[in-house]
Asker: 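Mind looking over this structure? Questions follow.
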There are 2 protein chains.
Amino acid sequence: MDAAGRFARYLASHRLKMTRSRRAILEEILSIRGHFTADDLLDHFRRRGREVAPATLYRTLARLVEAGLVHRIDMAKGQARYEPMFGRHHHDHMICLRCGKIIEFENREIERIQAAVCRRKKFRLLEHTHQLRGHCAGCSRTGAAARSAFASGGIDVRSPGRNPS
Amino acid sequence: MDAAGRFARYLASHRLKMTRSRRAILEEILSIRGHFTADDLLDHFRRRGREVAPATLYRTLARLVEAGLVHRIDMAKGQARYEPMFGRHHHDHMICLRCGKIIEFENREIERIQAAVCRRKKFRLLEHTHQLRGHCAGCSRTGAAARSAFASGGIDVRSPGRNPS
DNA sequence: GAAAAATTGATAATCATTCTCAATTGCGAG
DNA sequence: CTCGCAATTGAGAATGATTATCAATTTTTC
């Protein structure tokens, strides 16, 4: 069954309605190739004139996640990323701390060991996050660049020597 | 070298000073057995009369993390958790979605495969997060309890049938 | 088509964390 | 010990992504 059909089924089984906004959001996501943020979508709609209120978008994203059609990637700080999961199997992510690029990886062996660990501790696994953060091939080659889109913006920790006081 | 010594060394090498607040915070953390939040510490100090400003605590935690003496666990939502890392080796976490308990696990095999995956993609790994979320042994036994300390508090998604309109 | 139920959007609220900046403290040099 | 500069602190404001409110609107049902 296609994505729209699955969403419709999910909605019906929860006594929810297929509205214009929900349809538009799903369609927009279907047309996206990679990862996106809530803000990305908001911008898309704003530019196309067909504005969708933030509250509505967030609500719909939550339902899509619950329906298993979209996956949310919680970043350590800043906005969450989302990615369509239509007909894809589970995978985890490497995140470049310089350019923000997200690289997917999947490894059955890790998943298997992970399940075994849970069994051993009698832990009922419902979901997991496995994020590898560092520098992607391109960014570790160049010295220091492409920092703009993903500045760390840590706490007020000015390095000594350039204190303006 | 002990924790205080290591912190002193870290501070010195960064032209930072060992102040009363920093000493107090480190000591307090040393006396804690498990995981804690910034708020836990703030409360401790408030109760003991020796108040420390939130900004100062957050700044010091950041330095302790940078010094490798403390580890921060970024939760999907809500406050971050911290844990002392004095003389401990790396481990990851299972988080109970019902009672909030954090169970540690470590698995060299997973780490090894993880490193191999990075090598294959030419990704320079700097840090990682591997969180398994689900129900701990105790919570999966009982039907539904201990939900108070860790309520999910999701978005405005009222189940149909109890809409007050 | 009317009533019932769910949805939307504008707006305010959350809330952990970070920023600002003036007042204070730590510490090496003299 | 005392200066003086750089680092630190604290009070309070700011941030910013997300969530809550609630009246107005749309969908579905009868």
Side-chain angles (χ1 to χ4, degrees), chain A residues 7-8 10-26 36-43 45-46 50-63 65 72-82 151-165, chain B residues 7-8 10-26 36-43 45-46 50-63 65 72-82 151-165:
Chain A
F7 193 35
Y10 165 83
L11 292 174
S13 72
H14 289 255
R15 291 198 222 157
L16 303 175
K17 298 167 180 173
M18 175 59 91
T19 66
R20 181 199 312 272
S21 299
R22 285 178 180 156
R23 222 185 316 267
I25 290 167
L26 178 60
F36 60 92
T37 65
D39 237 37
D40 289 339
L41 286 189
L42 251 16
D43 275 348
F45 285 118
R46 240 179 314 242
R50 287 232 140 286
E51 195 135 1
V52 172
T56 301
L57 175 61
Y58 280 109
R59 281 185 287 233
T60 301
L61 281 172
R63 313 236 79 134
V65 167
R72 181 175 61 224
I73 309 169
D74 288 307
M75 309 298 277
K77 55 178 51 186
Q79 326 158 71
R81 309 298 176 96
Y82 297 84
S152 69
I155 204 169
D156 177 21
V157 167
R158 290 173 293 208
S159 43
R162 52 187 182 84
N163 192 317
S165 70
Chain B
F7 194 34
Y10 166 82
L11 291 175
S13 72
H14 288 254
R15 289 199 224 157
L16 303 175
K17 297 168 181 173
M18 175 58 90
T19 65
R20 182 200 310 272
S21 299
R22 286 180 178 155
R23 224 187 313 269
I25 291 168
L26 178 60
F36 60 92
T37 65
D39 236 36
D40 289 340
L41 286 188
L42 251 15
D43 275 348
F45 285 118
R46 242 181 311 245
R50 287 229 141 288
E51 196 134 359
V52 171
T56 300
L57 176 59
Y58 279 109
R59 282 186 285 232
T60 300
L61 282 173
R63 313 237 79 136
V65 167
R72 182 175 60 225
I73 309 169
D74 287 308
M75 309 298 277
K77 54 178 52 188
Q79 325 158 72
R81 309 298 175 96
Y82 296 84
S152 71
I155 205 171
D156 178 21
V157 168
R158 290 174 294 209
S159 42
R162 52 186 183 83
N163 191 315
S165 70

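All values derive from a computational prediction rather than experimental measurement. Protein chains get the first letters and strands the later ones, always in sequence-line order, with residue 1 at the start of each.
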Asker: Could you grab the distance from atom CZ of A/Arg59 to atom CG of A/Leu16, nearest 0.5 Å is fine?
Answerer: 12.0 Å
Asker: Would you mind telling me which of D/dT8, C/dC27, C/dT8 lies closest to the side-chain atoms of B/Met18?
Answerer: C/dC27
Asker: At how many degrees, to 10°, do the end axes of the helix from C/dG1-D/dC30 to C/dG30-D/dC1 meet when each uses five pairs?
Answerer: 30°
Asker: DNA chain D: B/Ala53 or A/Ala80, which has the more 5' nearest nucleotide?
Answerer: B/Ala53
Asker: Of all the choices, D/dT9, C/dC27, C/dG9, which nucleotide is nearest to the side chain of B/Thr19 once you look at every atom?
Answerer: D/dT9
Asker: Among C/dA16, C/dG26, C/dT8, which nucleotide sits nearest the side chain of A/Ser21?
Answerer: C/dT8
Asker: Can you name the nearest heavy-atom pair linking B/Val52 to B/Leu42, along with the distance?
Answerer: O-CD1, 3.6 Å
Asker: If only atom types and distance count, is the side chain of B/Arg22 paired as donor or acceptor with the main-chain N or O of B/Lys17 below 3.5 Å?
Answerer: yes
Asker: Where the side chain of A/Tyr58 is defined as all heavy atoms beyond and including C-beta, which of D/dA17, D/dT8, D/dA11 is the nearest nucleotide?
Answerer: D/dA17
Asker: As a test of reading the structure: which of D/dC22, D/dT18, D/dG10 is closest to the side chain of B/Arg59, going by heavy atoms?
Answerer: D/dG10
Asker: Which listed nucleotide (D/dT18, D/dG10, C/dT17) is nearest to the side chain of B/Val52?
Answerer: D/dG10
Asker: A/Thr56 side chain: which of C/dA6, C/dT8, D/dT19 is closest?
Answerer: C/dT8
Asker: Taking for each residue the nucleotide of DNA chain C with the nearest heavy atom, is it B/Lys17 or B/Arg72 whose nucleotide lies nearer the 5' end?
Answerer: B/Arg72
Asker: Which one, C/dT7, D/dA7, C/dG9, comes nearest to the side chain of A/Ala55?
Answerer: C/dG9
